[in-house]
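Notes for the one structure printed next.
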Amino acid sequence: MSGAESLPWWAAVPVAFLLVLGGFITVIGTLGLARLHSFYQRIHGPAITIALGAGCILVASMLYFSVTQSRLVIHELLISGFVLMTAPVVSMLIMRAAVYRDLRAAREADAGGDAGNS
């Protein structure tokens with residue numbers, strides 16, 4: 001197996017398309033993270049696009065290695081499954097932690113304001 005292997009055109013076109021699409025989707029998520037104002041708006045950009053962008057890149061990898069190794073390579077399916085299962089859960093937990101933080105700060109501000117009025 002040499003480092004100068006080339007893909008046939010019928011495999012190179014979908015691999016290139018999936019890589020560009022995955023990169024573009026990931027950049028869109030990054031721009032959403034940078035441009036949106038509040039934390040709750042910012043979390044949606046990466047949370048939604050990371051799974052789709054990573055999925056495109058992983059499918060491109062699976063296709064590339066399946067063609068170059070002349071056998072079906074499915075390791076990327078496992079990685080895709082883990083990303084698709086964990087990304088929404090992590091986003092939800094981060095958002096719940098932010099809600100808890102905000103509620104706690106509001107409660108402490110109310111308690112501080114009530115103590116000053118007495």
Side-chain angles (χ1 to χ4, degrees):
M1 195 161 144
S2 68
E5 295 178 10
S6 64
L7 283 176
W9 69 268
W10 57 267
V13 171
V15 167
F17 176 75
L18 287 168
L19 286 174
V20 170
L21 182 65
F24 183 69
I25 291 170
T26 305
V27 167
I28 289 173
T30 304
L31 291 175
L33 179 67
R35 301 267 310 160
L36 295 174
H37 302 292
S38 73
F39 171 78
Y40 299 105
Q41 291 173 341
R42 279 189 203 136
I43 194 71
H44 288 291
I48 293 170
T49 59
I50 194 72
L52 186 58
C56 287
I57 293 169
L58 288 167
V59 169
S61 173
M62 186 172 66
L63 181 61
Y64 174 81
F65 286 111
S66 292
V67 171
T68 57
Q69 295 181 4
S70 299
R71 63 180 178 91
L72 187 60
V73 177
I74 58 170
H75 300 99
E76 286 84 357
L77 289 178
L78 290 172
I79 297 170
S80 298
F82 289 133
V83 167
L84 289 174
M85 286 188 293
T86 58
V89 173
V90 169
S91 297
M92 183 185 68
L93 290 174
I94 291 172
M95 285 187 270
R96 283 189 178 189
V99 167
Y100 177 74
R101 179 198 61 201
D102 292 346
L103 290 174
R104 187 173 178 187
R107 198 174 321 138
E108 288 175 1
D110 287 344
D114 290 342
N117 292 333
S118 301

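If you're wondering where the values come from, they're calculated on a predicted model, not measured in any experiment. The first residue in the sequence is number 1, and the count goes up from there.
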Under a 4.5 Å side-chain heavy-atom rule over Ile, Leu, Val, Met, Phe, Trp and Tyr, are Val15 and Phe65 clustered together?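 Yes, Val15 connects to Phe65 through the hydrophobic network.
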State plainly whether one hydrophobic cluster holds both Ile57 and Leu7, where clusters connect Ile, Leu, Val, Met, Phe, Trp and Tyr through side-chain heavy atoms under 4.5 angstrom apart.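 Yes, Ile57 and Leu7 fall within the same hydrophobic cluster.
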Can you name the nearest heavy-atom pair linking [X] to [Y], along with the distance?
| X | Y | answer |
| --- | --- | --- |
| Ala11 | Pro14 | O-CD, 3.3 Å |
| Gly22 | Cys56 | CA-CB, 3.7 Å |
| His37 | Arg42 | O-NH2, 3.0 Å |

Residue pair Thr26 / Thr49, side-chain heavy-atom distance below 4.5 Å: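 Side chain of Thr26 against side chain of Thr49, heavy atoms only: no contact under 4.5 Å found.
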Is any side-chain heavy atom of Pro8 less than 4.5 Å from a side-chain heavy atom of Val67?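 Contact flag for Pro8/Val67 side chains = yes.
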Between atom OH of Tyr64 and atom CG of Leu19, what is the distance when rounded to the nearest 0.5 Å?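 If we round to the nearest 0.5 Å, Tyr64:OH and Leu19:CG are 10.5 Å apart.
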Working to the nearest 0.5 angstrom, can you tell me the gap between Leu72 CG and Leu77 CG?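 That separation rounds to 8.0 Å.
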Where at least one partner belongs to residues 75-87, residue pairs that pass side chain to side chain donor-acceptor pair (under 3.5 Å), sequence neighbours excluded: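 Residue pairs passing side chain to side chain donor-acceptor pair (under 3.5 Å), neighbours aside: Ser61-Glu76.
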Would you mind listing the cluster partners of [X]? Hydrophobic ones only (ILVMFWY), side-chain contacts under 4.5 Å, chaining allowed.
| X | answer |
| --- | --- |
| Leu18 | Val59 |
| Phe39 | Tyr40, Ile43, Val90, Ile94, Met95, Val99, Leu103 |
| Val89 | Leu93 |

Check: Ser66 side chain, Val73 main-chain N or O, donor-acceptor pair, under 3.5 Å: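 Judged by distance alone, yes, a pair lies under 3.5 Å.
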Does atom CG of Leu84 have more than 12 heavy-atom neighbours from other groups under 6.0 Å away?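 More than 12 within 6.0 Å, yes.
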Suppose we screen for side chain to side chain contact (heavy atoms under 4.5 Å, CB included). Which residues come up paired with Ile28, at least two apart in sequence or across chains?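 Side chain to side chain contact (heavy atoms under 4.5 Å, CB included) check on Ile28 returns Phe24.
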Residues in salt bridge (charged side-chain N to carboxylate O under 4.0 Å, His left out) with Arg35, at least two apart?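 With neighbours one apart ignored, the set is empty.
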